Amino acid sequence: MPTGYTGKILRVDLTDDKVAVEPTNMDWAKQFIGGKGLGAKYLYEELKPGTDPLSPDNLLMIWTGPLVGTMVPLTSRYAVITKSPLTGTFLDSYAGGYFAPELKYAGFDGIIVKGKAAKPSYLWVNDGKAEIRDAKNVWGKDMFKTEELLRDEVGHKYARVAGIGQAGEKLSRIACVTSDITRNAGRGGAGAVFGSKNLKAVVAKGSLGVEVPKIDTFMEMAKQMLWKDVVENPDHAGLITDGTPIIVDMSQDAGILPTNNWHTGQFDGYQGIDSDALKTRIFVRKKACFSCGIACGSFAKVRDGLFKGSSTEGPEYETLGLAGSNCGVKNIEAVVKFSEDCDRFGLDTMSAGSAVGFAMDIYEKGIITKEDTGGLDLRFGNEEAYAKMPEMISLRTTKLGDLLAEGTLRAAKAIGKDTEKLVIHSKGSEYPAYDPRGSIGMALAYATSDRGADHNRAWPVASDAYGEGDPWSTEGKAEICHDEQIMKSHKWSMIFCDFYGVSDENIAMYYTAVTGLPADANWLNAVGVRVWNLVRAFNVREGFSRKDDTMPDRMSTEPLPSGKTEGKTVSREAFEKMLNEYYALWGWDEQGRPTKKTLEDAGLSDIVGTLDYL
Amino acid sequence: MSKGLKIELEKCIGCNMCALICSGSHVGKFNPSESMINVEDVFPEPGVFRLNYCTQCDEHPCVEACPAEAIKLDEALGIYYVDKEECTACGLCVDACPHNGCWLDPSESYVIKCDLCGGTPKCIEVCPRTVISRGE
């Protein structure tokens, strides 16, 4: 067994109330590493196509990676892998904090859950053993309380808890999985998959540790890298001093800050929600995840006013954009309250912010009224009303809350009246906070992301709107998306944090140092290609193709009104051109399906026979 | 003046690098449960990190509490350390310590207490926010 892997996974069948330990498939681990890749392989092999994501048959997995729990910096994340109830695609969603190393120290590379428990349950994992326990004391409770109570129940003050608030229990398709109170596997509705299985949480405590070869040499290397490649790396400077809120001003300047449900790309109240506002008004302390020297997170607390006493870790840029400017909210204190309640009740702040921005838009247009909102005057910027929305959505109180809990697209479809065109999404996943009308490559990044619109699969905005490139030229954008998707695919399989600007050479070096297995940048690239094609094949098998790799009409028909993006749109022609180039780079057919040769070249010959179109 | 680690707690970010290198160098694997320094994250209230470690206090009630005389003086450093061979894991030192400075290992076979790595504590070198020092 290579070091870095525990060689064991937990098999949990909630229907039969059974837990078993089985060996990690190391043949697969050598091809797919861990995290995203290994999870994708298990999901592809074991999930029947067409499975309803909220049915007992869906598989819910939690994966670590080989570097988790070691001194390799920024490797403390776990991947929740399942079929998404929001998009119907493959879903991999990640959270940092302390849960992943605890699971590894408890003796497991991953957990695979199927079925549905007869009653609310949680899984207790401790030093090589696991049991399904009754969750009656925590069902119906928020994640803050749940973590506290479950730690008491298992008798470990610092047992780590990954679980769901009320939003997941009530099957909201924008419910997240929360650990360490403020760290969330946010996107894609994995919280609802927990809820559909009557699974409140996974609680882990481990003291088995992780071994590596030649540990003294290893520690010296890791220490040097922590200083030279992380703390003193100029690419990390902004994250160390500010964290992601630094992006608010960059987006405002570039004219791509989503504002008032994407009707403008600049926000006149941006200075109330930017990094300076965070630092001067609410900052308490910097906060890191396990094994991280960056500490991008800020623990923040509201000092006075309507939301006095509310606290959160962040708010992060995506929350400030989608739940701040996109809702017309000018005070960061209100965003703290919104973010805190999303953590508490278990909602993805990105989807929730988008949903509320959408609701404000249709309220102002008179399509919904106070009758639908439970009496709230849901105008853009009405912070008092806005701050009540996470609870309303999570508990599905009011007609509106019940609809928005299904995600913005499903809500719009139910409301009708042409509101669907106001939803800014791809595959039902609401756009992250970078308007493609000022960063054309993001339209392609969103359309081709494997879990629906996403910024963590490719981020071309860095080199155009925030860099030297031309934000409106299609040139090279397909290549950026293609190359970054490869890189992120192996990086999420190893499970590094996005914020470690680590080179492929160094990733390979770390991997070899931990596992003793050979690796180099070429091999990592090949893994990235293999993983992305496998996930694409999963989505194709589920019925996805070019028709789903979309951009909302408003991006091409509604020019932005001000700043650098004044008058700008993304033309249909430009979008289709990028998409054609992108498919060609991947070796996919014009419908966006991997060809037989592409799969064979990627080391995926064994799945060729599973795809009807081949 | 005590001879233990000096901690500027307000700078701590909770990364656990200290616990990783401590366990790696003392027990040969990465396992914060066996580290001589441990990090508590206490959020959202009061919203702080706490570090538990032996301060090498002048009173050293642990030494007096130990019935096995397993907590011994390192004369070169002038600090007290636990002799794992002689420790019976009775836990009396743990109860006696007012600083949460020592605790039983996960298998409850000996007491874990900072030994300053023989004079050059590794946690100091790895802390990315220079929270830890010798203080002289």
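Quick note on labels: first sequence line is chain A, next is B, and so on, each numbered from 1. Everything numeric in this text was worked out from a predicted model, so none of it was measured. Basis for what follows: all heavy atoms, side chains included, without hydrogens, waters or symmetry-related copies.
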**Student:** Taking all heavy atoms of B:Pro44 and all of A:Ile181, pick out the closest pair and write down the distance.
**Tutor:** CD-CD1, 3.4 Å

**Student:** Just to be sure I understand the criterion: a residue of residues 60-95 of chain B counts if one of its heavy atoms is under 4.5 Å from a heavy atom of chain A. Which ones qualify?
**Tutor:** none

**Student:** Would you name the heavy atoms of A:Val125 and A:Ala106 that are closest together and state the gap between them?
**Tutor:** CG1-CB, 4.1 Å

**Student:** What heavy-atom pair brings A:Cys289 and A:Gly97 nearest, and what distance separates the two atoms?
**Tutor:** SG-N, 3.1 Å

**Student:** Just how far is it from atom CG of B:Leu116 to atom SG of B:Cys54, taken to the nearest 0.5 Å?
**Tutor:** 8.0 Å

**Student:** What heavy-atom pair brings A:Gly4 and A:Val514 nearest, and what distance separates the two atoms?
**Tutor:** CA-CG1, 3.6 Å

**Student:** Considering only heavy atoms, which portion of B:Val48 lies under 4.5 Å from any heavy atom of chain A: side chain, backbone, both, or neither?
**Tutor:** both

**Student:** Can you find a pair of side-chain heavy atoms, one from A:Pro390 and one from A:Cys342, that are under 4.5 Å apart?
**Tutor:** yes

**Student:** Considering only heavy atoms, which portion of A:Val210 lies under 4.5 Å from any heavy atom of chain B: side chain, backbone, both, or neither?
**Tutor:** both

**Student:** Would you say A:Pro315 and A:Ile282 make side-chain contact, with heavy atoms under 4.5 Å?
**Tutor:** yes

**Student:** Quick one, A:Val502 and A:Met225 - any side-chain contact, counting heavy atoms below 4.5 Å?
**Tutor:** no

**Student:** Short of 3.5 Å, which donor-acceptor contacts do chain B and chain A share? List atoms and distances.
**Tutor:**
residue: B:Ile13; atom: O; partner: A:Ala288; partner atom: N; Å: 2.8
residue: B:Gly14; atom: O; partner: A:Tyr98; partner atom: OH; Å: 2.8
residue: B:Cys15; atom: O; partner: A:Ser291; partner atom: N; Å: 2.8
residue: B:Lys29; atom: NZ; partner: A:Leu208; partner atom: O; Å: 3.1
residue: B:Phe30; atom: N; partner: A:Val210; partner atom: O; Å: 2.9
residue: B:Phe30; atom: O; partner: A:Val210; partner atom: N; Å: 2.8
residue: B:Asn31; atom: ND2; partner: A:Ser207; partner atom: O; Å: 2.7
residue: B:Ser33; atom: OG; partner: A:Gly206; partner atom: O; Å: 3.3
residue: B:Glu40; atom: OE1; partner: A:Lys157; partner atom: NZ; Å: 3.0
residue: B:Glu40; atom: OE1; partner: A:Tyr158; partner atom: OH; Å: 3.0
residue: B:Asp41; atom: OD1; partner: A:Arg160; partner atom: NH1; Å: 3.3
residue: B:Asp41; atom: OD1; partner: A:Arg160; partner atom: NH2; Å: 2.9
residue: B:Asp41; atom: OD2; partner: A:Arg160; partner atom: NH1; Å: 3.1
residue: B:Glu45; atom: OE1; partner: A:Lys301; partner atom: NZ; Å: 3.4
residue: B:Glu45; atom: OE2; partner: A:Lys301; partner atom: NZ; Å: 2.7
residue: B:Gly47; atom: O; partner: A:Arg285; partner atom: NE; Å: 3.0
residue: B:Glu125; atom: O; partner: A:Trp227; partner atom: NE1; Å: 2.9
residue: B:Glu125; atom: OE1; partner: A:Lys223; partner atom: NZ; Å: 2.5
residue: B:Arg129; atom: NH1; partner: A:Gly293; partner atom: O; Å: 2.9
residue: B:Arg129; atom: NH2; partner: A:Gly293; partner atom: O; Å: 3.4
residue: B:Arg129; atom: NH2; partner: A:Ile294; partner atom: O; Å: 2.7

**Student:** Is there a side-chain contact between A:Pro101 and B:Phe30 in this structure, where contact means two heavy atoms from C-beta onward sitting under 4.5 Å apart?
**Tutor:** no

**Student:** Just do the side chain to side chain contact (heavy atoms under 4.5 Å, CB included) check on A:Ile495 and A:Leu67 with the steps written out, would you?
**Tutor:** CA-CA 8 Å; A:Ile495 321 195; A:Leu67 312 185; over 6 Å; no

**Student:** Specify which of B:Pro106, B:Pro128, B:Ala19 makes the most heavy-atom pairs with chain A at under 4.5 Å.
**Tutor:** B:Pro128

**Student:** For A:Phe218 and A:Val72: C-alpha separation, side-chain torsions, deciding distance, then whether side chain to side chain contact (heavy atoms under 4.5 Å, CB included) applies.
**Tutor:** CA-CA 9 Å; A:Phe218 182 93; A:Val72 176; 3.7 Å; yes

